[in-house]
Amino acid sequence: MLYIGIDLGTSAAKLLLMDETGDIQNIVTKEYPLEFPQPGWSQQNPEDWVRAIEEGIPELLSGSDASQVSGIGAGGQMHGLVVLDEEDNVIRPAILWNDGRTAEQVEYLNNEIGKEKLSQYTANIAFAGFTAPKLLWMKQEEPELFAKIAKIMLPKDYINYILSGVHCTDVSDASGMLLFDVKNKCWSREMLDICGVKECQMAKIFESYEPVGTILPEMAKKLGLPETVVIAAGAGDNAAAAVGTGTVGDGACNISLGTSGTIFISSETFGVDENNALHSFAHADGRYHLMGCMLSAASCNKWLMDDIFQTKDYAGEQLPITEEKLGKNHVFFLPYLMGERSPINDTNARGTFIGMTMDTTRADLTQAVLEGVAFAIRDSFEVAKSLGIDIERSNICGGGAKSPLWKRIFANVLNVKLDIVASEQGPGMGGAMLAMVADGTYPNVNAACENLVHVVDTIEPEPELVARYEQRYQQFRSIYPACRELFPKIM
């Protein structure tokens, strides 16, 4: 049998076709635009996602026997607000995970409702990217449109609706809305009341590996698929990537270097960190996880290469960063190009180079960006360590993980072994694996991971380099506190 995995990302939908043994038959990528109508705003037209799927799946199936497709599963960008009217038409462009317009609403939720109550209701506090603050913003700034809302959805759930006709979501993605009681896996009535919405406006909740239904006949015909194709509930992109890298069970860890950057720690039991610096979410394997998320990770390097250096030769720009330079760079970079979430939760934070001199080179700036992202991930890593979580090794995936240099920097900044799995198709592969569980090919997510995910390489930390990066990290962590009060004044 064949399975389609959808990775509904911020800049593109990446589709893969995989058989039940984990052999990837084909991959197709369809890009779509991102809108920044005002500084700090980030939004997208959901119909662009639909177009990418409708054009991409027939192309994906070219040369394959489409009648063998048994299931579709999606991993998608989290937190985005998709709102539909009574006729299921999209009311406004989706407000995305990296949108920073909700500073006022976040302050209201955290300070007037109170972080303690938010944590009690949802296991998390408010961050600008979460869905609940966006609803409050829409209620305040677009009351006419807010009054038209009949259904509130997340990006990949809108795609599942288009495919299946079911208004659905899964527990992992719902966890990032600040509307979901993570511990009890149900909508939080208190948070719905605070946001002025009703439970009937929310999607039906599924475990990530559960089937929400089968493909609609008209969609099956349009895409060239059999009407028996099962649509899995799917997962938020980080939980889907965790499945795709085998990060399931107690204490497993995955680092994702995509547009955003995450450290993902799976757990058998529900838990919340005392300061809510890490997110406490449900996992796609039916259990739970802690996650630290930085808003700009590989996108920092893309920004430097594409917009500043105006080059696509990413590997070439890293060649001058030789052995003797590692851990010795005097230039530092705060990777807060879109503000920051974990663990500082500061929408005003900005990207910052510091330490430059007349002899600073392009390579120094490139190295500072690569190291700055690793240092920022370590900030969340330190929170996990403070909870008594001992992480000796981690998987790593995402576009940034294609760089051997960046992986080496991460291994030594974090002082952990980094495992490389055979496939780097994290969210898409995870989505396809969830579809295999949904159609009964595998009894559970753990079994799918045991059979389909294989480690092919491990990067070991180097004691001397670990020591050098330890010194640099301690310097790095003093920069943001020194700049924090300045950022709001220069906006």
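We number each residue from 1, following the sequence as shown.
Between L154 and D170, every side-chain heavy-atom pair lies at or beyond the 4.5 Å cut-off. Between C449 and V243 there is a side-chain heavy-atom pair separated by less than 4.5 Å. For the pair V383/L290, no side-chain contact is recorded, criterion being any heavy-atom separation below 4.5 Å from C-beta on. H167 places none of its side-chain heavy atoms less than 4.5 Å from the side chain of K204. For the pair P33/D48, a side-chain contact is recorded, criterion being any heavy-atom separation below 4.5 Å from C-beta on. Residues Y108 and I113 form a side-chain contact, since some pair of their non-hydrogen atoms from C-beta on lies under 4.5 Å apart. Between M177 and M191 there is no side-chain heavy-atom pair separated by less than 4.5 Å. Two residues are said to be in side-chain contact when any heavy atoms from C-beta on lie closer than 4.5 Å; S119 and V272 meet this criterion.
A donor-acceptor pair under 3.5 Å is formed between the side chain of D19 and the backbone N or O of G22. Of the possible polar contacts, one joining the Q44 side chain to the T10 backbone as a donor-acceptor pair under 3.5 Å is found. The closest donor-acceptor contact from the side chain of D250 to the backbone of E268 lies under 3.5 Å. Under a 3.5 Å cut-off, the side chain of Y442 and the backbone N or O of E20 do form a donor-acceptor pair. No donor-acceptor pair under 3.5 Å is formed between the side chain of E227 and the backbone N or O of A220. Remark: side-chain polar atoms of D99 are paired, donor with acceptor, to backbone N or O of R101 under 3.5 angstrom. Looking at R350, its side chain does come within 3.5 Å of a backbone N or O of T347 through a donor-acceptor pair. For the pair N395 (side chain) and T245 (backbone), a donor-acceptor distance under 3.5 Å is present. In this structure, E31 contributes its side chain and A12 its backbone to no donor-acceptor pair below 3.5 Å. A distance-only check finds a donor-acceptor pair linking the side chain of N124 to the backbone of S280 [under 3.5 Å].
Other residues, nucleotides and ligands contribute over 12 non-hydrogen atoms within 6.0 Å of the CD atom of Q140. Shown here is E35, whose CD atom has more than 12 heavy atoms of other residues, nucleotides or ligands within 6.0 Å. For E116, the CD atom is loosely surrounded, since the number of other residues' heavy atoms within 6.0 Å does not exceed 12. The number of heavy-atom neighbours closer than 6.0 Å to CD of E218, taken from other residues, nucleotides and ligands shown, is above 12.
Taking OG from S172 and CE from M291, the interatomic distance works out to 9.5 Å, rounded to the nearest 0.5 Å. A distance of 8.5 Å separates CZ in R287 from OG in S266, rounded to the nearest 0.5 Å. Atom CD of E54 sits about 8.5 Å away from atom CG of L163, to the nearest 0.5 Å. Going from atom CG of L61 over to atom CG of L2 covers 8.0 Å, rounded to the nearest 0.5 Å. To the nearest 0.5 Å, the span separating CE on M219 from NZ on K221 amounts to 13.0 Å. Here the straight-line distance linking atom CD1 of I57 with atom CG of L17 works out to 10.0 Å at 0.5 Å rounding.
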Next on the checklist: Pair L434, V445 - check side-chain contact (heavy atoms from CB on, under 4.5 Å), show working.
Outcome noted: CA-CA 7 Å; L434 292 171; V445 175; 3.9 Å; yes

Item to check | Test log, rule side-chain contact (heavy atoms from CB on, under 4.5 Å), inputs S296 and Y336 | outcome: CA-CA 6 Å; S296 303; Y336 308 144; over 6 Å; no

Next on the checklist: Between L109 and L178, does the side-chain contact (heavy atoms from CB on, under 4.5 Å) criterion hold? Intermediate values first, please.
Outcome noted: CA-CA 10 Å; L109 287 168; L178 204 70; 4.1 Å; yes

Next on the checklist: Working note: R484 + D346, criterion salt bridge (Lys or Arg N to Asp or Glu O under 4.0 Å); need CA distance, chi angles, decisive distance, verdict.
Outcome noted: CA-CA 9 Å; R484 181 171 49 213; D346 186 354; over 6 Å; no

Checklist entry - Going through the distances and angles, do K148 and E144 end up as a salt bridge (Lys or Arg N to Asp or Glu O under 4.0 Å)? => result CA-CA 7 Å; K148 294 181 179 180; E144 301 86 358; over 6 Å; no

Next on the checklist: The test is side-chain contact (heavy atoms from CB on, under 4.5 Å); show your working for N301 and V373 and say whether it passes.
Outcome noted: CA-CA 9 Å; N301 192 48; V373 172; over 6 Å; no

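Taking a cutoff of 4.0 Å between a charged side-chain nitrogen and a carboxylate oxygen, E47 and R51 do not qualify as a salt bridge. Salt-bridge formation is detected for the pair E59/K30: a Lys NZ or Arg NE/NH1/NH2 atom is positioned less than 4.0 Å from an Asp or Glu carboxylate oxygen.
The closest side-chain donor-acceptor pair between E190 and S188 falls under 3.5 angstrom. No hydrogens or angles considered: nothing links the side chains of Y480 and D379 as a donor-acceptor pair under 3.5 Å.
Centroid-to-centroid, the aromatic rings of F127 and H79 stay 6.0 Å apart or farther.
Taking all atoms of both residues into account, the shortest heavy-atom contact from S208 to V171 is OG-CG2, 4.4 Å. Across all their heavy atoms, A13 and A52 have their closest contact at CB-CB, 4.0 Å. Closest non-hydrogen pair, R341 versus C293, comes out as CB-O, 3.3 Å. Across every non-hydrogen atom of F146 and L135, the tightest pair is CE1-O, 3.6 Å. Nearest heavy atoms, F206 versus C168: CE1-CB, 3.7 Å. Heavy-atom minimum distance, V212 versus S164: CG2-OG, 3.9 Å.
For the pairing with R92, the side chain to side chain contact (heavy atoms under 4.5 Å, CB included) check across L145, N45, I149 returns one residue only, L145.
By the 30° and 60° cut-offs, the orientation of the rings of F281 relative to F130 is tilted.
For K185 and Y288, the positive end sits near the middle of the six-membered ring, less than 6.0 Å away and at most 45° from its axis.
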